[in-house]
Number of protein chains: 2
Amino acid sequence: MTKRERAYSRYTKDAAILLGKGIKLARKARKFTARDFAERVGISRITLQKIEKGDLKCGLGIVLEAAALAGVKLFDVDPARGNFAAHLESVNDKLALLPKSIRKRRQEVDDDF
Amino acid sequence: MTKRERAYSRYTKDAAILLGKGIKLARKARKFTARDFAERVGISRITLQKIEKGDLKCGLGIVLEAAALAGVKLFDVDPARGNFAAHLESVNDKLALLPKSIRKRRQEVDDDF
DNA sequence: TTAGATTGATCATTATAATGATCATAAGAC
DNA sequence: GTCTTATGATCATTATAATGATCAATCTAA
């Protein structure tokens, strides 16, 4: 194969753009140059550029790390103050109630098309 | 270099774990097998496994795509309705008020340590 | 207005993420 | 209990993300 050519939904595209712009906004509000901020995150300036543009092919970890250092809230949790303990516990509880493995359904009717 | 060896903050790690478990929870609640769901997202079953475990080295795009299909909200925006317009406008407005380029500061005092 | 610095962009190279194949385990349907 | 199938995990291979170098344009501070 010569190309990957992946298709992304509008939601995915917009979510990444919003996240990237949020990072850029927070970085500037805190008066960090792109170079300095990238260094803080542990990535190159070029990669930070991609992240701030909402490039979908960046790694999840470095994007989240940039968001955390910039102070962008994920799941409504402030990186500087909160943690995810409560959220995690809730999800774990709900997961425990569901079957370990799912049997295949013949029809797929669970989406809202 | 033989290894990458990146360091991530707890916030980043937990955010990814929460996101992954949220996807797994939503997938099971909708009775999709891992194989079927991965196919829907357009990724392999192995990659879905990594995403659901909160692997930070997965691509942002495929993780967001999985979250969108599962119905997991990263921000306050519901994937089903998915209107980022208002949020984007707000961020753009604020960005317009900040300087295009940031001058280096001698001291870094903007974080709350 | 000028000078130095920041940003945006492109390209080749290198490191690494994504995949398919495969096996063991165990969970659900009967 | 038995049988079928979903899941978790590992490994080698391939596709691709991350990087450094570099250049032009533009911005900020003086």
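Every chain is numbered from 1 and lettered A, B, ... according to where its sequence line falls, protein lines coming before strand lines. Bear in mind that the values here come from a model prediction, so they are computed numbers and not experimental data.
Distances shown here put a side-chain N or O of B/R6 below 4.0 Å from the OP1 or OP2 atom of D/dT19. In this structure, B/R27 reaches the D/dT7 phosphate: one of its side-chain N or O atoms is under 4.0 Å from OP1 or OP2.
Nearest-nucleotide positions on DNA chain C place A/E52 closer to the 5' end than the other of A/E52 and B/L48. Positionally, the nearest nucleotide of DNA chain D for B/A34 lies more toward the 5' end than for the other of A/I62 and B/A34. For the pair B/T47 and A/R35, nearest-nucleotide mapping onto DNA chain C gives the more 5' position to A/R35.
Distance NZ (B/K57) to P (C/dT19): 15 Å, rounded to an integer number of Å. Across the protein-nucleic acid pair, B/E39 atom CD and C/dA18 atom P stand 19 Å apart, rounded to whole Å. Put simply, CG on B/L56 is 17 Å from P on D/dA17, counting in whole angstrom units. Rounded to whole angstrom, the span from the NZ atom of A/K21 across to the P atom of C/dG8 amounts to 11 Å. Taking atom CG of A/L60 as the reference point, atom C1' of D/dA18 lies 16 Å away to the nearest angstrom. The CD1-P distance, from B/I51 to D/dT7, rounds to 15 Å in whole Å. Remark: P of D/dT19 and NZ of A/K50 are 8 Å apart, rounded to the nearest angstrom. Nucleotide C/dA17 holds its C1' atom 9 Å from the CG atom of B/D55, rounded to whole Å.
Side chain of A/R6 to backbone of A/K57: no donor-acceptor contact under 3.5 angstrom is found. Formation of a donor-acceptor pair under 3.5 Å by the A/Y11 side chain with backbone atoms of B/A67 is not found in this model. The backbone N or O of A/K100 sits less than 3.5 Å from a side-chain atom of B/K28, completing a donor-acceptor pair. No donor-acceptor pair closer than 3.5 Å links the side chain of B/D36 to the backbone N or O of B/F32. In this structure a side-chain-to-backbone donor-acceptor pair under 3.5 Å is missing from A/R27 to A/A66.
Linking ILVMFWY side-chain heavy atoms closer than 4.5 Å, directly or via other members, places A/I46 and A/I43 in two distinct hydrophobic clusters.
When each of D/dA6, D/dT7, C/dA9 is scored by its nearest atom to the side-chain atoms of A/K104, the top-ranked nucleotide is D/dA6. Side-chain proximity of A/Q49 to C/dT7, D/dT7, D/dA18: nearest is C/dT7.
Taking 4.5 Å as the limit, some side-chain heavy atom of B/N92 sits within range of a side-chain heavy atom of A/K21. For the pair B/L97/B/D93, no side-chain contact is recorded, criterion being any heavy-atom separation below 4.5 Å from C-beta on. Between B/V41 and B/L48, the closest side-chain pair of non-hydrogen atoms is not below 4.5 Å.
Within 4.0 Å (heavy atoms only), B/K53 reaches sugar-phosphate atoms of the nucleic acid but no base atom. Across all strands shown, B/K28 has no heavy atoms under 4.0 Å from either base or sugar-phosphate atoms.
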task = Heavy atoms under 4.0 Å is the rule here; annotate nucleotides 20-25 of chain D 5' to 3' with B where the base is hit, S where only the sugar-phosphate is, and - elsewhere.
result = BBB---
note = For nucleotides 25-30 of chain C, 5' to 3', base contacts (B), sugar-phosphate-only contacts (S) and non-contacts (-) with protein non-hydrogen atoms under 4.0 Å give --BSS-
inquiry  = Assess the residue pair A/F37 and A/I23 against the criterion (side-chain contact (heavy atoms from CB on, under 4.5 Å)); give the C-alpha distance rounded to whole Å, side-chain angles, the decisive distance to 0.1 Å, and a yes or no.
reply    = CA-CA 10 Å; A/F37 187 71; A/I23 291 170; 4.2 Å; yes
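Of all heavy-atom pairs spanning B/L18 and A/H87, the tightest one is CD2-CB, 3.5 Å. In plain terms, the two heavy atoms of A/K13 and A/Y8 that are nearest each other are CE-O, 3.5 Å.
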remark   = Intra- and inter-strand pairing of DNA chain C, written as dot-bracket with Watson-Crick and G-U pairs under 3.5 Å and | for the latter, reads ||||||||||||||||||||||||||||||
